[in-house]
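Below, chains carry the letters A, B, ... as their sequence lines are ordered, and counting in each starts from 1.
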Protein chains: 2
Amino acid sequence: MDWNRYDAGACSVSRTVGILGDRWTVLVLREVFNGVRRFGEIQEHLGVSKSVLTQRLQQLVDDGVLERQPYQEPGDRARHEYRLTDRGRDLRPVLVAMMDFGDRHLSGGEPPVRLLHRDCGQQVHAQLVCDCGHRVETGREVAIAPGPGAEPLAG
Amino acid sequence: MDWNRYDAGACSVSRTVGILGDRWTVLVLREVFNGVRRFGEIQEHLGVSKSVLTQRLQQLVDDGVLERQPYQEPGDRARHEYRLTDRGRDLRPVLVAMMDFGDRHLSGGEPPVRLLHRDCGQQVHAQLVCDCGHRVETGREVAIAPGPGAEPLAG
DNA sequence: CAGTATCCCAAGCGATACTG
DNA sequence: CAGTATCGCTTGGGATACTG
């Protein structure tokens, strides 16, 4: 199934969903963002089968989101770990926005984890803001407009 | 598969992924955010089968993200449409964050669609900010901390 | 139009065994 | 440890036909 052939209308969402893949992919990313970078650790945290984890990590590497870094602790054999690329780091707002939603609506008001700003200790959220700095509070404040990459819909 | 039993570490992400479900669910949400609210229109835009669309809409209603609103245009027969609930609207930052990522990395720099702030015409993005207003630019600025809803991991 | 029901096929999963 | 290979089994998909 080609996840990009639909509705040029907002296909950046569709393309990103294509990279986020399925549930496991997102949870793998969450682990990596949390500093869990080794195959075995990720597998243990998620309870996912090895074949699935292998496939998801491979896909994330192929998509340029993760990279496989060999490293060797002295006196130990060579290992490698999965690290975020620059591109991968740009997925953080997606994860944080998901976390915000879950905290608000699916955790009984008791967030299991918090993301804190080191400078001030305050909690970090994904906020809608416009390029000149206004916070966007409601959906009524936004309008959809075709961008430069828009294609006319067939049909 | 219970998508919540893993790693209390950041399970708000996991719970939200459980609601976003699969790719189709996200694309359905995108349509609704874009004002496409009727079964047939959504189906046409997405090219999804009726059975799948039915199931996804039902799931979104069950999850409290959409609600089914009957309405009747004069001289026409009764219809209904799917509308975002307040909870559903809170998913917007997730969609916008995905759109931002896709625009930056997967669209060759030519965003197919833009989200504009009505007040000023500037583009809207999902930005990481902390509660006292600082913009968070890099991952190094954030720290993970257990929240009030944290549970110790078994094992 | 907006679904529901059925069918059949393909993809995806975990479990297990095996490898460097 | 970090995979790869294989294997049934289940799930989930589109297509189609049917219903109010």
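Put simply, the side chain of A:R92 does not reach to within 4.5 Å of the side chain of B:V136, judged on heavy atoms. Looking at A:Q43 and A:T54, their side chains never come closer than 4.5 Å, going by heavy atoms from C-beta outward. Within the 4.5 Å cutoff, the side chain of A:V129 has heavy atoms near those of the B:R135 side chain.
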(message) If you apply the rule salt bridge (charged side-chain N to carboxylate O under 4.0 Å, His left out), what do you find for A:R56 with A:D22, and how did you get there?
(response) CA-CA 9 Å; A:R56 295 302 186 280; A:D22 72 336; 2.6 Å; yes
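A:R23 places its CZ atom 13 Å from the C1' atom of C:dG12, with the value rounded to the nearest Å. Residue B:Q59 contributes atom CD, which lies 14 Å from atom C1' of D:dG12 at whole-angstrom precision. Rounded to an integer number of Å, the gap from CD of A:E44 to C1' of D:dC1 is 13 Å. In this structure, A:L46 atom CG and C:dC13 atom P are separated by 13 Å, rounded to whole Å. Atom pair B:D22:CG and C:dA11:P shows a separation of 17 Å (rounding to whole Å applied).
Each of B:V52, B:L60, B:V65 was compared with B:T25 under the side-chain contact (heavy atoms from CB on, under 4.5 Å) criterion, and only B:L60 meets it.
Rounding to the nearest 0.5 Å gives a distance of 8.5 Å between CD of A:E67 and CG of A:D86. Here CZ of B:R83 is found 11.0 Å from CG of B:L66. Values are rounded to the nearest 0.5 Å.
Taking all atoms of both residues into account, the shortest heavy-atom contact from B:V13 to A:M99 is CG2-CB, 3.9 Å.
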Under-3.5 Å N/O pairs linking protein and nucleotides 2-8 of chain D:
{"from": "D:dA2", "atom 1": "OP2", "to": "A:G40", "atom 2": "N", "distance (Å)": "3.0"}
{"from": "D:dG3", "atom 1": "OP1", "to": "A:R68", "atom 2": "NH2", "distance (Å)": "2.9"}
{"from": "D:dG3", "atom 1": "OP1", "to": "A:H80", "atom 2": "NE2", "distance (Å)": "3.2"}
{"from": "D:dG3", "atom 1": "OP1", "to": "A:Y82", "atom 2": "OH", "distance (Å)": "3.2"}
{"from": "D:dG3", "atom 1": "OP2", "to": "A:H80", "atom 2": "NE2", "distance (Å)": "3.4"}
{"from": "D:dG3", "atom 1": "OP2", "to": "A:Y82", "atom 2": "OH", "distance (Å)": "2.9"}
{"from": "D:dG3", "atom 1": "N7", "to": "A:K50", "atom 2": "NZ", "distance (Å)": "3.0"}
{"from": "D:dG3", "atom 1": "O6", "to": "A:K50", "atom 2": "NZ", "distance (Å)": "2.6"}

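In this model, the phosphate group of C:dC13 is approached by a side-chain N or O of A:R56 to a distance below 4.0 Å at OP1 or OP2.
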(request) Taking Watson-Crick and G-U wobble pairs with both distances under 3.5 Å, convert DNA chain D into its dot-bracket string, 5' to 3', dots for unpaired and | for cross-strand pairs. (result) ||||||||||||||||||||
